[in-house]
Amino acid sequence: MPVLATTPVEKMTGPYARRWWALVVLCLSLLIVVMANTSLIVAAPDMTADLGLSSSDLQWVIDGYTVPYAALMLVLGSIGDKYSRRGALITGLVVFAGGSVMGSLVDGTGLVVAARAIMGVGAAVVMPATLSLLVAVFPKEERARAITAWTATSGLAIAAGPLVAGWLLEDHAWGSTFLVNVPIAVAAVAGALVLVPPSRAAGMGRIDYVGGLLSIVSVGSLVYASIEGPHFGWGAGPVAAAVVAGVGLVAFVAWELRHPHPMLDVRRFLQRPFSGSMLAVLFFFFGTYGAIYYATQFLQFVLGYGALETGVRLLPLAGAVFVGAAVTGRLTPKLGVRATVGSGMALGTVGVLLLVLIEKDSAYADFLAPMLLLGLAIGLSVSPATDTIMGTFPESELGVAGGANDTALELGGSLGIAVLGSLLGTAYRDELADLVGNRLPAAALDTAQDSVGGGLAVAERLATSPDAGPRQAEALAGAVHQSFAHGVATTSLVGGIIMAAGTLIVLAVLPGRGARPRTEGDPAGARDAEYSEPAR
C-alpha cells in the first residue's frame, strides 16, 4: 500500500481500506476549528487586560472569526466539490494555521480581529470539507456511525477548548491559545495526505458564483446585524445590514429558483426531513451555545475559577456528548429521526431552563445537571439531524450539503451568543443600576455596567480608594454577582422558551417514522408522508 493516498474515491471498486483512520484526520481538523471559538471564552479576561479591550472590542475579537466562518461555508463547500475536497481541507488548514500564527504574534486589537477573520476563512473551508469527505469515503451503511463520531468530536471540542486554553494560560500568555493550533493543523495536513483519499464531484457543471455571492452577502449581513445591533444599539450600520440581509435573501431565492444549476436548490426546503433537520440544528445551537457562553462566564467571574479550573469543570459536558452519541446510534434506527432529534431538543430545553434557578450563591453543582443535559442533547440530536441533511443531497453536492449543515450550526450559535448575550447584558445592567445606581459616581457605574468583569474591576479599585474602602468594595462585588446571576436566570428563561418553541416547530415539520424520503428523481414538491432514516 503506498504511503500517500493517491487513488481518488471515485475510482475505488470497494470501500476505502483506511477510512476509519481517515475519519481520525477529519475529526482532528474539526476539533481545532471548533476549539478556536470555545478556547477564547477562557482566554478573554487575559486578552482584555493585556490589550485594554472594550466590550465592543472583545465582542469583535470573538466574532471576527464567526462572520466569515458562517458566510463562506456554502460557497467554499461548492468549490471543494468541483475541484478537490481533500485539497480544500488542506488549503483550509494552512490558512487557519497562518491566521493562528498571526494571532499569536500581534499586539493590537485590529490585528487580532484580522487574525481571527483569517482563521474564520480557513475554518469555512475546513468544516464542510470534513463532512463531504466523510460521506464520500464511507459506504452508506457506515455513514451514520461516522457522522456520530464527527458530532461527538464537535461536542468534545466545546469542553476541550477551555480546558486546553486554561492549561496553557497557567504558564503562558494568551497568544499561546492561538499558537497551539499550528502543530495540530500540521499533523492534520500530513494525515490528510497519507490517509484521506482525493475526492471531487463527477460531472459537476459551472459553479453558481452569483448565487454564492448572494449567500455570502445575506448570511454575512445577518450575522453582522445580529452581533452589532443587540450589543451596541440599532444604529445605521446594523439596520442597514439587516435590510441588506433581507433583500439579499429574497434575491438569493429568486436567483436559485431560476438558475439551471443553483448553488443551493432552495426547493429542497420543501422536503420535510431536510427543512426539519436544518431548523433543529439552528434552534439547538441557538440555545446551547448561548447557555454555555454565559455559564462559563459565571464559573469564572462569580465563582472565581481560573481558566484551567473552568475547563476541567466543563468536562462532564463532553462526557455526556459521548454518552448521547452512543445512545443515538442505537435508538435512531429503531425509533426514527423525529423521535431522537425531538428528544434531544427537549433535553436541551430542560437543561437551559434549569439555569433559571441560578442565584448569587449558586455553586458549581447547580451547573452540573444543565451541562450534563446539554451534552446528552448534543450527542442525541445533532448526529441524526446532520445525517439527514447530508443524505438529502446527491454525491456531487456533498460540499454544499456540509456547507448548509454547518451554516445552520454556526448561524444558530452566533445568533444565540449575540441575542442571549445582549439580553444577559441588559438584565445585568438594569439590576446593577437598581442595586447600586445611587451609590456610585456616574463614570464608575458606566464601567461596572459594561460587563461583569468591569464591575469586579471597579470593586477592586474601590478597595484601595481612600474615599471608599473594603466594605464598599465588597458590597459592590456582591451586587455585581447578584446582578449577573439575575441576568443568567432571566436569559435562560427566554432561551428555554425559544428552544421549546423550536422543538415544537421541528416536531411539526419532521415527518414521522416509516416514510420514504424524496429522492433526486421525485418532483420538488413531493409530499413526505413519514420518515424513519435519512436517505443514504
Side-chain angles (χ1 to χ4, degrees), residues 5 7-12 15-16 19 22-23 25-27 29-30 33 72-92 123-151 153-154 192 195-208 211-212 215 256 261-266 268-269 271 273-274 277-278 281 382-410 517-520 533-536:
T7 304
V9 174
E10 298 76 25
K11 295 184 178 180
M12 294 180 183
Y16 175 53
R19 57 192 178 279
L23 180 63
V25 176
L26 301 180
C27 288
S29 304
L30 172 69
V33 300
L72 294 172
M73 278 192 282
L74 194 63
V75 177
L76 295 177
S78 180
I79 292 173
D81 276 340
K82 183 172 180 61
Y83 296 106
S84 173
R85 291 164 181 150
R86 185 178 71 170
L89 176 67
I90 293 172
T91 301
V125 186
V126 170
M127 192 82 161
T130 60
L131 265 179
S132 62
L133 283 164
L134 183 155
V135 175
V137 167
F138 279 86
K140 295 179 181 180
E141 62 273 12
E142 293 180 348
R143 286 178 188 168
R145 279 192 292 157
I147 289 177
T148 298
W150 184 92
T151 302
T153 301
S154 182
L195 298 169
V196 179
S199 173
R200 56 182 291 187
M204 183 176 175
R206 295 177 61 185
I207 293 177
D208 173 20
S215 74
E256 297 298 274
H261 302 289
M263 174 74 64
L264 173 64
D265 186 354
V266 294
R268 213 175 292 278
F269 285 94
Q271 301 175 43
F274 175 75
S277 297
M278 288 284 285
V281 172
V382 176
S383 174
T386 297
D387 195 18
T388 301
I389 292 168
M390 297 300 293
T392 58
F393 285 78
E395 299 287 321
S396 61
E397 297 179 23
L398 295 179
V400 174
N405 177 84
D406 299 335
T407 299
L409 186 157
E410 189 61 26
R518 190 182 73 80
T519 63
E520 289 301 306
E533 294 188 58
R536 301 187 194 281

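One-based numbering along the sequence shown.
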Backbone of Leu195 reached by a side-chain donor or acceptor of Tyr16 within 3.5 Å: yes

side-chain contact (heavy atoms from CB on, under 4.5 Å) between Arg86 and Ser199, intermediate numbers included: CA-CA 6 Å; Arg86 185 178 71 170; Ser199 173; over 6 Å; no

Side chains of Ile207 and Met263 in contact at under 4.5 Å (non-hydrogen atoms): yes

Note, Leu30 side chain near Val126 side chain (heavy atom, < 4.5 Å): no

For Thr153, all residues meeting side chain to side chain donor-acceptor pair (under 3.5 Å), sequence neighbours excluded: none

Check against side-chain contact (heavy atoms from CB on, under 4.5 Å), Val400 and Leu74: CA-CA 6 Å; Val400 174; Leu74 194 63; 3.8 Å; yes

Gap between atom CG of Asp81 and atom CG of Leu76 - 0.5 Å precision: 11.5 Å

Distance-minimising heavy-atom pair for Val137 and Arg19: CG1-CB, 3.3 Å

Minimum side-chain heavy-atom gap Val382-Ser154 below 4.5 Å: no

Residues Thr130, Trp150; criterion side-chain hydrogen bond (donor to acceptor under 3.5 Å, both in side chains); working and verdict: CA-CA 9 Å; Thr130 60; Trp150 184 92; 3.1 Å; yes

Sidechain N-carboxylate O distance under 4.0 Å for Glu395, Arg143: yes

Any Val196 side-chain heavy atom under 4.5 Å of Arg85 side chain: no

Within-4.5 Å side-chain heavy-atom neighbours: Phe393 and Val135: no

Candidate list Glu256, Glu397, Met278, test side chain to side chain contact (heavy atoms under 4.5 Å, CB included), partner Arg268, passing option: Glu397

Student check: side-chain heavy atoms of Thr388 and Phe274 closer than 4.5 Å: no

Pairwise side-chain contact, Thr7 with Pro197, heavy-atom cut-off 4.5 Å (strictly under): no

Minimum side-chain heavy-atom gap Met390-Thr386 below 4.5 Å: yes

Inter-residue atom distance Thr148.OG1 - Asp387.CG, 0.5 Å rounding: 7.5 Å

